[in-house]
Number of protein chains: 2
Amino acid sequence: MIDSADDPNTDNPGHGDVLPPTNQHVKQYAAVRNAHETELIEDYVELIGDLLKHQGEARSTDIATRMGVSQATVAKMMCRLKSLDLVASKPYRSLFLTQAGEAMAEESSKRHAIVLQFLRALGVSDQTARIDAEGMEHHVSQETLDIMQRFACQLTPGHQREG
Amino acid sequence: MIDSADDPNTDNPGHGDVLPPTNQHVKQYAAVRNAHETELIEDYVELIGDLLKHQGEARSTDIATRMGVSQATVAKMMCRLKSLDLVASKPYRSLFLTQAGEAMAEESSKRHAIVLQFLRALGVSDQTARIDAEGMEHHVSQETLDIMQRFACQLTPGHQREG
DNA sequence: CAAACATTTCAGCCTTGGCTAACTTTAAGG
DNA sequence: CCTTAAAGTTAGCCAAGGCTGAAATGTTTG
């Protein structure tokens with residue numbers, strides 16, 4: 001048997017050489033699982049916010065279409081969001097965000113924009129940047145986000161150039 | 001009613017101004033959902049690869065400990081991985097990777113390392129970089145990955161400096 | 001060899017987030 | 001006003017990925 005979980009290497013450079021210490025490793029995976037739980041919610045809320053902003057109203061059909069899921073799925077998710085007090089609506093009427101929902105939407109949107117801008121500043125093509133940003137935004141810590149923002153601003157002083 | 005899904009804005013800069021065109025938007029969310037399905041699998045496979053590499057064998061207990069989940073969860077996942085022909089083992093014996101599994105592990109590990117190195121090169125602290133890398137690695141396209149690699153190499157010519 | 005302990009597996013439960021199908025409500029048109 | 005289409009809702013199904021608890025198998029040790 002191998003003496004695992006011994007891990008004296010608490011300050012190793014990280015990956016490839018040796019395994020990260022167990023407790024650190026656990027933290028990484030826990031963070032991913034945690035992000036998992038919130039990211040879909042954030043995506044829905046962010047989308048509702050965008051629809052409200054750009055189309056004046058957020059309807060289930062539009063959400064279903066944009067997300068590429070069925071209306072039933074949207075309906076179920078809206079139940080969830082209502083129970084979380086992020087979304088409100090009267091039956092058969094379009095959706096709106098609560099204060100908490102609006103805050104989340106704004107937060108998400110801001111994060112999304114920073115990541116997207118950062119990727120484009122790096123030289124990633126527009127299409128790819130959008131897809132990657134959508135996936136990455138929920139896994140980027142505030143620390144990294146700040147750095148990304150500074151970076152993007154440095155590289156694109158006035159405004160971003162399209163790809 | 002609002003004439004949604006009309007979307008003449010196919011070449012808009014992207015986010016914040018107007019909504020992305022619907023078909024583009026669908027693609028983004030589809031990509032995220034798709035990544036979702038594979039990322040856990042990749043994480044498990046990558047971890048098994050790491051354990052094999054650094055400890056000589058991969059046991060359910062160790063996986064459970066490192067992932068921070070129960071052994072039963074690991075067992076169930078191993079069933080899934082076996083059915084996908086990524087992992088093989090004889091009952092009550094430790095696990096090993098099939099050729100496909102090994103390929104996936106290597107691929108994941110490489111991606112992980114690039115993202116991690118990139119984040120550190122950006123100036124993100126070690127702890128944060130690890131957590132973010134774990135989350136980001138499954139959402140970074142090959143295009144972005146290539147750019148990250150070039151970038152990290154530029155900024156850290158010889159070797160990475162610790163934070 | 002047998003007991004004690006660690007590990008693996010199995011059975012069964014829960015929640016999420018998809019789906020389809022059937023139904024109700026709203027909106028639009030003749 | 002009645003019909004029809006579109007949109008929203010509800011019920012019920014499924015797979016994934018967690019969990020606990022109990023049973024089976026391996027390993028170590030007296």
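Order of the sequence lines fixes the chain letters, A, B, ..., with proteins taken first and strands second; residue numbering starts at 1 for each chain.
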Let me know the distance between CZ of A/Arg59 and C1' of D/dA7, rounded to the nearest Å. 7 Å
Taking the side chain of B/Gln71 as heavy atoms from C-beta outward, which of C/dT8, D/dG8, C/dA11 is closest to it? C/dT8
Could you tell me whether the side chain of B/Thr73 reaches within less than 4.5 Å of the side chain of B/Met77, counting heavy atoms only? no
Quick one: A/Arg33 CZ to C/dT16 P, roughly how many Å, whole number? 16 Å
Between D/dG8 atom C1' and A/Leu81 atom CG, what is the distance in whole Å? 16 Å
side-chain N/O A/Tyr44 vs C/dG18 OP1/OP2, d < 4.0 Å: yes
Heavy-atom nearest nucleotide on DNA chain D for B/Met77 versus A/Cys79: which residue maps closer to 5'? A/Cys79
In whole angstrom, what separates B/Asp62's CG from C/dT8's P? 8 Å
Any B/Thr61 side-chain N or O less than 4.0 Å from OP1/OP2 of C/dT8: yes
Is there a donor in the side chain of A/Ser89 and an acceptor in the side chain of A/Lys82, or the other way round, less than 3.5 Å apart? yes
Tell me what A/Ser70 touches on the nucleic acid: a base, only sugar-phosphate, or nothing, going by heavy atoms under 4.0 Å. base
For B/Asp85 and B/Thr98, test the side chains for any donor-to-acceptor distance below 3.5 angstrom and give the result as yes or no. no
Given that A/Val69 and A/Pro91 both sit by DNA chain C, which one's nearest nucleotide is further toward the 5' end? A/Val69
To the nearest angstrom, the CZ-P distance between B/Arg80 and D/dA16 comes to 5 Å
From CG of A/Leu40 across to C1' of C/dT16 the rounded distance in Å is 9 Å
Are the side chains of B/Met78 and B/Leu81 in touch, meaning some heavy atoms are under 4.5 Å apart? yes
Would you kindly give the NZ-to-C1' distance between A/Lys76 and C/dT16, to the nearest whole Å? 8 Å
Between A/Met67 and B/Ser94, name the one whose nearest nucleotide on DNA chain C is closer to the 5' end. B/Ser94
Parallel, tilted or perpendicular, judged at 30° and 60°: which one describes the rings of A/His139 and B/His139? parallel
note: A/Arg93, atom CZ; D/dG8, atom P; distance rounded to Å ~ 10 Å
Any side-chain N or O of A/Thr73 below 4.0 angstrom from OP1/OP2 of C/dC19? yes
